[in-house]
Amino acid sequence: MASRINLGYNSPNMTGGQKILLSGVKPTGRPHIGNYFGAMKQFVELQDQHKALIFIADLHAITTNQEATSLRQDTLDLAIDYLAIGLDPAKTILFRQSDILEHANLNWIFNCLTTVPYLQRAHAYKDALAKNQEVNVGTFDYPILMAADILMYDADLVPVGQDQKQHVEYARDTAEKFNRVYGGATFKLPEPLIIEGLKTIPGIDSQKMSKSKGNIIPLFAEDAEIKTQVMKIVTDSKTPEEPKDPATCNVFALHELFSQDQLPELRQRYEQGGIGYKESKEILIANLIKFIAPLREKRQAIAADPNKVKAILKAGGDEARKLAQAKMAVVREKVGLNW
Ligand code: ADP
Ligand code: TRP
């Protein structure tokens with residue numbers, strides 16, 4: 001039997017005593033300000049104090065996107081987006097999920113510990129079922145692949161938006177189950193990291209802003225697109241003079257993110273009356289442009305050299321693979337798959 005393998009990256013020497021942070025986003029279209037404030041911004045802010053691994057969840061993306069050319073493009077685009085918001089490959093291991101074959105391997109091992117009724121309780125599965133009777137097995141198994149992503153690297157913290165909280169709970173349950181069935185403490189229990197008080201960011205139609213719903217303000221939008229999208233934000237039909245409730249206004253929800261300096265004044269004008277939705281939207285447009293334009297310029301510069309971006313992903317993949325292979329050696333021994 002192979003000797004027990006010591007996972008070097010768990011030792012304080014390899015992580016410098018830092019906690020391990022891991023997250024991913026699916027390459028399923030242009031990221032939007034909801035993705036940014038809900039999750040991606042935290043990746044950047046936390047990369048200095050943590051051992052960070054951030055990946056492109058392309059295996060999750062193929063549960064819905066089965067068009068190879070667009071998947072390749074969306075994957076490269078997301079890598080550029082990550083770099084443009086400030087993820088630094090010198091600090092963060094950036095990689096493509098599918099580049100590490102071990103994820104699917106661990107997913108299978110976890111599948112064999114997972115029951116069907118347990119997965120049937122997942123919100124995302126129930127939503128998919130409500131929309132389409134013929135849900136594919138990948139969508140059904142989505143939380144368990146995600147558990148493999150997280151547990152593979154002994155992640156302590158998983159920064160995600162509120163809607164992903166249940167998935168991190170599935171990862172915790174899966175870690176507990178493996179540890180119970182095979183004995184020992186092979187997997188660490190991860191914690192979701194969700195920004196306190198951050199509401200799910202509404203789209204221009206007032207539903208959750210989501211890449212798949214066509215209701216987004218893209219994070220790297222052109223000025224003209226910012227204007228059209230903001231002007232389309234759904235409001236009630238109150239006149240400028242009427243008092244308005246900031247808590248239920250979708251325009252105001254975005255002011256909370258982009259108009260920090262003017263917020264007290266805006267709130268007062270909403271509550272007392274004296275601001276129309278058109279003016280409120282114009283203020284928001286100006287602030288969004290101020291925020292987005294520099295990000296967009298940085299993105300354009302990075303996009304000019306796609307080979308450099310691919311090389312960054314390859315180097316990150318090589319690093320992640322070493323960690324994954326070391327972990328899988330432990331798992332294979334536990335399960336009895338090594339000789
Ligand atoms: P989408 O729903 O747009 O396809 P993803 O499922 O790829 O987005 O989510 C990527 C990350 O962004 C996740 O951590 C998710 O919780 C977060 N997120 C997505 N939409 C929003 C939103 N409207 N508000 C806050 N966070 C969000
Ligand atoms: N399900 C996540 C989302 O839709 C993406 C994801 C896949 C992920 N694997 C992960 C997030 C592991 C955090 C950790 O956004």
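No experiment lies behind these values; they were computed from the predicted model shown. Counting convention: from 1, in listed order, for ligands and their atoms alike.
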Enumerate, one pair per line, all nitrogen or oxygen atoms of ligand 2 lying under 3.5 Å from a protein nitrogen or oxygen, stating the separation to 0.1 Å; write 'none' if no such pair exists.
unit_1	atom_1	unit_2	atom_2	d
ligand 2	1 (N)	Tyr142	OH	2.6
ligand 2	1 (N)	Gln164	OE1	2.9
ligand 2	4 (O)	Tyr142	OH	3.1
ligand 2	4 (O)	Gln164	NE2	3.3
ligand 2	9 (N)	Asp149	OD2	2.7

Worksheet item: Is the number of heavy atoms from other residues, nucleotides or ligands under 6.0 Å of Gln66 CD greater than 12?
Response: yes

Item to complete: Would you verify whether the NZ or CZ of Arg296 falls within 45 degrees of the ring axis of Phe220 while also being under 6.0 Å from that six-membered ring's centre?
Response: no

Discussion item. Taking Arg299 first and then Asp77, would you say they form a salt bridge - that is, a charged N and a carboxylate O separated by under 4.0 Å?
Written reply: yes

Discussion item. Once ring-ring contact (aromatic ring centres under 6.0 Å, His included) is applied, what residue pairs with a partner in residues 312-332 remain, sequence neighbours excluded?
Written reply: none

Name each N or O atom in ligand 1 that is under 3.5 Å from a protein N or O, and give the partner atom and the distance.
unit_1	atom_1	unit_2	atom_2	d
ligand 1	2 (O)	Lys208	NZ	2.8
ligand 1	2 (O)	Ser210	OG	3.0
ligand 1	3 (O)	His32	NE2	2.7
ligand 1	3 (O)	Lys211	N	2.8
ligand 1	7 (O)	Lys211	NZ	2.8
ligand 1	8 (O)	Asn35	ND2	3.1
ligand 1	12 (O)	Asn35	ND2	3.2
ligand 1	14 (O)	Gly161	N	3.0
ligand 1	16 (O)	Gly161	N	3.0
ligand 1	16 (O)	Asp163	OD1	2.3
ligand 1	20 (N)	Lys208	NZ	3.3
ligand 1	20 (N)	Met209	O	3.4
ligand 1	23 (N)	Ile201	O	2.9
ligand 1	23 (N)	Met209	O	3.0
ligand 1	24 (N)	Ile201	N	2.9
ligand 1	26 (N)	Gly34	O	3.2

Item to complete: Find out whether the Lys NZ or Arg CZ of Lys244 is both under 6.0 angstrom from the six-membered ring centre of Tyr277 and within 45° of the ring's axis.
Response: yes

Worksheet item: Around atom NZ of Lys213, are there more than 12 heavy atoms of other residues, nucleotides or ligands at under 6.0 Å?
Response: yes

Worksheet item: Do Ser98 and Asp58 meet the criterion of a side-chain donor-acceptor pair at a distance under 3.5 Å?
Response: yes

Practice prompt. State whether Asp156 and Lys188 are salt-bridged, where the test is any N-O pair (Lys NZ or Arg NE/NH1/NH2 against Asp/Glu carboxylate O) under 4.0 Å.
Written response: yes

Discussion item. Holding to side-chain contact (heavy atoms from CB on, under 4.5 Å), I want the full list of residues that pass it with Thr114, two or more places apart in sequence or in another chain.
Written reply: Tyr118, Leu119, Ile144

